[in-house]
Amino acid sequence: MAKDSRHHAHTVCRAVAKSRRKTRQAATAELWSMSDEDVEATLVEASRLRAQAVALELRLVAEADRRHAGERAGATDTASWWAHRTRQERRVAKGRARLAESLDRHEPTSAALVEGAISVDHAR
């Protein structure tokens with residue numbers, strides 16, 4: 001039996017893969033059996049989860065930019081490469097990359113986003 005290639009992957013790689021699997025399961029689960037209170041509380045928590053996922057994404061794009069990922073791939077810049085790979089508008093990717101770079105200089109805002117205490121819109 002072949003070893004799972006993620007077995008030796010970095011902690012962040014494993015966390016993202018596991019989070020995607022768990023989120024996919026939750027996103028397709030039946031919600032009708034949840035209580036009103038659970039729906040309301042989980043909606044708030046899902047919003048916080050989204051902020052945390054965006055915080056990680058922004059940290060990764062900043063790191064990819066420091067490593068010149070776009071240039072190494074033959075793109076004009078990291079944001080253009082990222083836009084192409086993730087099928088997002090180049091304008092949006094460039095804005096997110098600028099926000100990522102800005103958050104590197106504003107630790108309190110970055111920390112609040114990592115905690116899910118603020119939204120990405122608030123961080124902007």
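In this view, Ser33 satisfies the side-chain contact (heavy atoms from CB on, under 4.5 Å) rule with no residue, not counting sequence neighbours.
Summarising the geometry, atom CZ belonging to Arg98 is positioned 10.0 Å from atom CZ belonging to Arg124; distances are rounded to the nearest 0.5 Å. Glu40 CD to Glu45 CD: the interatomic distance, rounded to the nearest 0.5 Å, is 13.5 Å. For the atom pair Glu115 CD and Ser110 OG, the distance stands at 10.5 Å (nearest 0.5 Å). Taken to the nearest 0.5 Å, the CZ atom of Arg96 stands 6.0 Å off from the CD atom of Glu57.
The heavy-atom pair separating Ala93 from Ala79 by the smallest distance is CB-O, 3.5 Å. Heavy-atom minimum distance, Arg24 versus Thr28: O-OG1, 3.1 Å. The nearest pair of heavy atoms linking Val61 to Ala100 is CG1-CB, 3.4 Å. Here the closest heavy-atom approach between residue Leu113 and residue Ala123 is recorded as CD2-CB, 4.3 Å. Considering all non-hydrogen atoms of both residues, Arg90 and Thr76 come closest at NH2-OG1, 3.9 Å. Scanning both residues, Asp104 and Ala62, for their nearest heavy atoms gives OD2-CB, 3.8 Å.
Side-chain contact check for Met34 versus Thr42: some heavy-atom pair is nearer than 4.5 Å. Side chains of Leu99 and Leu58 form a contact here, defined as non-hydrogen atoms less than 4.5 Å apart. Counting only heavy atoms from C-beta outward, the side chains of Asp77 and Lys94 approach each other to under 4.5 Å. Contact of the Glu71 side chain with the Trp81 side chain is not registered, since no non-hydrogen atoms from C-beta on lie closer than 4.5 Å. Contact annotation: the side chain of Lys22 approaches that of Gln25 to within less than 4.5 Å [non-hydrogen atoms, C-beta and beyond]. By the 4.5 Å heavy-atom criterion applied to side chains, Arg59 and Val12 are not counted as neighbours.
Of the candidates Arg14, Arg21, Arg20, Arg21 is the only one forming a side-chain contact (heavy atoms from CB on, under 4.5 Å) with Lys18.
Salt bridge status for Arg66 with Glu63: present, with a side-chain N to carboxylate O gap under 4.0 Å.
Between the side chain of Arg72 and the backbone N or O of Arg67 there is at least one donor-acceptor pair closer than 3.5 Å. The backbone N or O of Val114 lies less than 3.5 Å from a partner atom in the side chain of Gln52, making a donor-acceptor pair.
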